[in-house]
Amino acid sequence: MAYWLFKSEPDVFGWEEQVALGDTGGEWHGVRNYQARNNMRAMQPGDLGFFYHSQKGRAVVGIVEVTAPCHPDSTTDDPRWDCVDVRALRSFARAVTLEEIRAVPELAEMVLVKNSRLSVQPVAAEEWHRICALGDTAP
DNA sequence: GCCAACGTTGGC
DNA sequence: GCCAACGTTGGC
């Protein structure tokens, strides 16, 4: 079981919208970056991911579960791009902001901190637990 | 709104 | 295969 982080602009597709998709969830489509795509290819059903609001928000707000392995992205005919399916698992009791994350020395190596542009990224188990604790949320 | 960082494209 | 030009992302 691995941990990940999915980034989305709340103005485009926010956590509320993910929650509204219910237990069925949906495709994490629209990724057009090889590194991000490769991360999705490495995912397996049951993996967990943080749902992070970029731009306006800049905080981890929820936890999603990967429900389907990588498959073609239905929003394009380009065979290069595929994606997983995710569903909302639970909301953070308290959103954990990027500012808070940056303030924790143990989280300085997070991809979110080091490479802020990567939209789908791996999260280490220690990082996962630390952030869940910061948000008063079950890991 | 600005700008730095990064990824992609295309000419050579 | 290199590198300049360009486009995009996201923090501030």
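Convention: sequence-line order gives letters A, B, ...; per-chain numbering from 1. Owing to the predicted nature of the structure, the values given are computational and were not obtained by experimental measurement. Below, all heavy atoms of this structure are taken into account, side chains as well, without hydrogens, waters or symmetry copies.
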* Structure fact -> For residues 55-77 of chain A, the ring-ring contact (aromatic ring centres under 6.0 Å, His included) pairs (sequence neighbours left out) are none
Contacts under 3.5 angstrom, residues 124-134 of chain A side chains, donor-acceptor by atom type, not counting sequence neighbours:
| unit_1 | atom_1 | unit_2 | atom_2 | d |
| --- | --- | --- | --- | --- |
| A:Glu127 | OE1 | A:Ala124 | N | 2.8 |
| A:His129 | ND1 | A:Ala125 | O | 2.8 |

Side-chain donor-acceptor pairs of residues 74-84 of chain A under 3.5 Å, sequence neighbours excluded:
| unit_1 | atom_1 | unit_2 | atom_2 | d |
| --- | --- | --- | --- | --- |
| A:Ser74 | OG | A:Glu27 | OE1 | 2.8 |
| A:Thr75 | OG1 | A:Arg32 | NH2 | 3.1 |
| A:Thr75 | OG1 | A:Asp73 | OD1 | 2.5 |
| A:Thr75 | OG1 | A:Asp73 | OD2 | 3.4 |
| A:Thr76 | OG1 | A:Asp78 | N | 3.0 |
| A:Asp78 | OD1 | A:Arg80 | N | 3.0 |
| A:Asp78 | OD1 | A:Arg80 | NE | 3.1 |
| A:Asp78 | OD2 | A:Arg80 | NE | 3.1 |
| A:Asp78 | OD2 | A:Arg80 | NH2 | 2.7 |
| A:Arg80 | NH1 | A:Tyr34 | OH | 2.8 |
| A:Asp82 | OD1 | A:Arg41 | NE | 3.3 |
| A:Asp82 | OD2 | A:Arg41 | NE | 3.3 |
| A:Asp82 | OD2 | A:Arg41 | NH2 | 3.1 |

* Close residues, residues 6-16 of chain A, relative to DNA chain B [heavy-atom separation under 4.0 Å] -> none
* Structure fact -> Per the under-4.0 Å heavy-atom filter, residues of residues 103-112 of chain A near DNA chain C come out as none
* Asked: A:Phe13: what forms a ring-ring contact (aromatic ring centres under 6.0 Å, His included) with it, not counting sequence neighbours?
  -> none
* Worked check of side-chain contact (heavy atoms from CB on, under 4.5 Å) between A:Arg58 and A:Tyr52 -> CA-CA 7 Å; A:Arg58 266 171 286 141; A:Tyr52 175 81; 3.4 Å; yes
* **Counterpart residues, side chain to side chain donor-acceptor pair (under 3.5 Å), relative to A:Ser91 (two or more places apart)** => A:Trp15
* Residues in ring-ring contact (aromatic ring centres under 6.0 Å, His included) contact with A:His29, at least two apart in sequence or another chain -> none
* **Contact residues, residues 115-123 of chain A to DNA chain C [heavy atom, < 4.0 Å]** => A:Ser116, A:Arg117
* Asked: Who passes salt bridge (Lys or Arg N to Asp or Glu O under 4.0 Å) against A:Glu9, sequence neighbours left out?
  -> none
* Structure fact -> With a 4.0 Å cut-off (strictly under) to non-hydrogen atoms of chain A, the first and last hit nts on DNA chain B, 5' to 3', are B:dA5 to B:dT8
* Structure fact -> In short, ring-ring contact (aromatic ring centres under 6.0 Å, His included) pairs touching residues 98-121 of chain A with sequence neighbours left out are none
